[in-house]
Amino acid sequence: MNTQDLINLGIPLGDALKFANVHMRRLFAGGLDRPQVETDLMNIVADPPSYFNDPDRASLARALYRPAYTPRAELAPWQQWGDDLDPEAIKQIANACALPIAFAGALMPDAHVGYGLPIGGVLATENAVIPYAVGVDIACRMKLTVYERKANVIPGQKDRLANLLEHETRFGMGCEFEVRRHHDVMDEDWSITPITKRLHEKAWKQLGTSGSGNHFVEFGAFTVTDPSLNIPPGEYLALLSHSGSRGTGAQVCDVYSKRAMSRRNELPNQLKHLAWLTLDEADGQEYWAAMNLMGRYAAANHDIIHRHITKKVGAHILLDIENHHNFAWKETHHGREVIVHRKGATPAGNGVLGIIPGSMATPGYVVRGKGNPASLNSASHGAGRIMSRTKALQSFTWSAVKKQLKNAGVDLLSSGLDEVPGVYKDIETVMAAQTDLVDILGRFDPKIVKMCPPGEKAED
DNA sequence: ATGTAC
């Protein structure tokens with residue numbers, strides 16, 4: 001009998017599993033056979049409270065015990081944008097709005113299923129933060145640099161520009177720089193939490209890296225479509241990057257989400273990723289401090305990438321725009337200070353600029369928020385996936401994708417088949433579904449695209 | 001999303 005057998009008996013991961021292992025070994029050592037041990041464990045799983053005073057079984061029973069969870073009868077108010085959203089994603093935002101701490105919600109037109117809160121989900125809470133409503137990649141964000149140089153230089157400088165994308169950042173799970181880069185954020189006090197203290201060195205090695213998944217760096221043509229950007233109309237060379245807080249942010253999410261889950265053990269399994277920490281408790285304050293540090297760290301990642309590339313491009317900068325799209329903020333809505341989680345959603349307060357990327361072969365947009373209160377000042381963070389990575393690998397071939405890329409005038413340096421344009425919704429449809437959330441000020445057409453190579457584990 | 005997890 002092993003750990004997997006315990007999981008099959010219904011013992012959840014975490015403390016319960018540790019106590020169950022200890023108890024199981026003790027029973028075997030006491031001479032019981034396997035059926036007897038299984039019966040003993042199943043009895044505790046079935047009715048934990050009756051073992052609270054049993055010295056051998058109390059710790060397991062307490063770890064297994066789950067108080068009743070009563071979702072709110074009346075959900076916190078929420079609205080959705082887009083009419084073709086996955087019913088599972090809609091169920092997820094409704095579940096989030098049924099939490100006792102929920103204040104209001106919104107679902108963006110690029111929404112799809114995620115852990116806890118859907119991607120494209122916005123949730124305002126009172127005095128509480130939900131690590132998985134921020135997401136694994138804390139402070140995943142966009143940054144766009146528009147150069148004072150016409151986009152028509154791209155074909156003639158293709159190899160040189162491609163070389164910059166290949167060498168001024170790193171892709172792959174666990175990727176690091178051999179010679180670490182520097183940014184002022186690394187001189188901050190990382191001992192604000194045990195986890196950021198422990199990961200300071202790792203974070204330093206990963207500074208300026210891009211990682212994997214949907215992260216990218218690309219050169220493209222930026223077209224001004226609205227005079228309010230205050231740059232002359234035209235098509236400019238531009239650099240767009242998408243990445244976040246790498247392994248460090250993922251660890252922060254993992255540590256505090258587990259603490260939240262053990263604290264909110266009334267949440268049923270299906271909702272456990274919505275576990276929250278209140279801002280009154282030490283863990284909540286630690287998460288808040290770590291999350292904000294991850295925000296500055298992710299911004300530094302982009303800053304380093306753009307600084308290094310810009311130096312070698314050798315052009316003046318006309319415009320820099322950036323925004324988080326996985327983060328939580330203290331904001332005032334409907335007269336109350338609340339915590340607004342945006343997980344795959346772009347801040348779109350009145351007049352606030354943001355970037356909504358499409359895919360490797362479709363446009364991304366620079367937008368200006370309209371401050372729509374019903375969306376909690378938010379918009380989509382992209383086009384939104386419409387299929388899993390596994391399904392994508394079965395659905396597409398490189399030969400077909402290459403034609404598509406050629407038609408769009410895109411040079412793809414590397415990517416997996418699970419990131420090709422067909423795995424995303426049509427960005428134009430998504431933009432059309434949120435005209436009451438943002439105005440479009442400019443368009444970015446990708447021309448040279450670098451993503452994580454397929455099957456890549458760690459790039460050298 | 002991440003070199004994950006027990």
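Throughout, protein chains are lettered first and strands after them, A, B, ... in sequence-line order, and every chain is numbered starting at 1.
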Short side-chain N/O contact to B/dA1 OP1/OP2 from A/Ser245, under 4.0 Å: no
task: Kindly point out which of B/dC6, B/dT4, B/dA1 is positioned nearest to the side chain of A/Lys258?
output: B/dC6
Of all pairs that satisfy ring pair (Phe, Tyr, Trp, His ring centres under 6.0 Å), the ones with a partner from residues 3-52 of chain A, not counting sequence neighbours: A/Phe52-A/Tyr65
Whole-Å gap separating C1' (B/dT2) and CG (A/Asn301): 14 Å
- request: Give a yes/no on whether any side-chain N or O of A/Arg246 is located under 4.0 angstrom from OP1 or OP2 of B/dT2.
  value: yes
- prompt: Can you find a side chain N or O atom of A/Asn214 that sits less than 4.0 Å from OP1 or OP2 on B/dA1?
  reply: yes
task: Decide if atom CG of A/Asn53 counts as having more than 12 heavy atoms of other residues, nucleotides or ligands within a radius under 6.0 Å.
output: no
- line: Picking from B/dG3, B/dA5, B/dA1, the nucleotide nearest the side-chain atoms of A/Asp254 would be B/dA5
- line: Taken to the nearest whole Å, CG/A/Asn21 to P/B/dA5 is 16 Å
field: B/dG3 OP1/OP2 closer than 4.0 Å to side-chain N/O of A/Lys202
entry: yes
message: Closest-nucleotide mapping onto DNA chain B: is A/Ile7 or A/Ala250 further toward the 5' terminus? I mean the 5' end.
response: A/Ala250
field: Euclidean distance, atom OH of residue A/Tyr256 to atom P of B/dT2 [Å, nearest integer]
entry: 20 Å
Nearest-angstrom distance from the residue atom CZ of A/Phe327 to P of B/dA1: 18 Å
statement: Judged by nearest nucleotide, the residue sitting upstream toward the 5' end of DNA chain B, A/Leu17 or A/His242, is A/His242
message: Is a donor from one side chain sitting under 3.5 angstrom from an acceptor on the other, for A/Tyr365 and A/Glu428?
response: yes
- request: On the 0 to 90° scale, with breaks at 30° and 60°, tag the A/His242-A/His325 ring pair as parallel, tilted or perpendicular.
  value: perpendicular
- prompt: Base, sugar-phosphate alone, or nothing: which one does A/Gly211 contact when heavy atoms must sit under 4.0 Å apart?
  reply: sugar-phosphate
task: Nearest whole angstrom, please: distance from the P of B/dA1 to the CD of A/Gln251.
output: 17 Å
query: Between A/Gln206 and B/dG3, does any side-chain N or O lie under 4.0 Å from OP1 or OP2?
result: yes
message: Against A/Glu168, only a single residue in A/Arg307, A/Arg181, A/Lys450 fulfils salt bridge (Lys or Arg N to Asp or Glu O under 4.0 Å); can you say which?
response: A/Arg181
message: Just the rounded figure in Å: distance from C1' of B/dA5 to CD1 of A/Ile11.
response: 17 Å
Whole-Å distance separating the CZ atom of A/Arg385 from the P atom of B/dA1: 8 Å
query: Roughly, in whole Å, what's the span from CG in A/Asp137 to C1' in B/dG3?
result: 15 Å
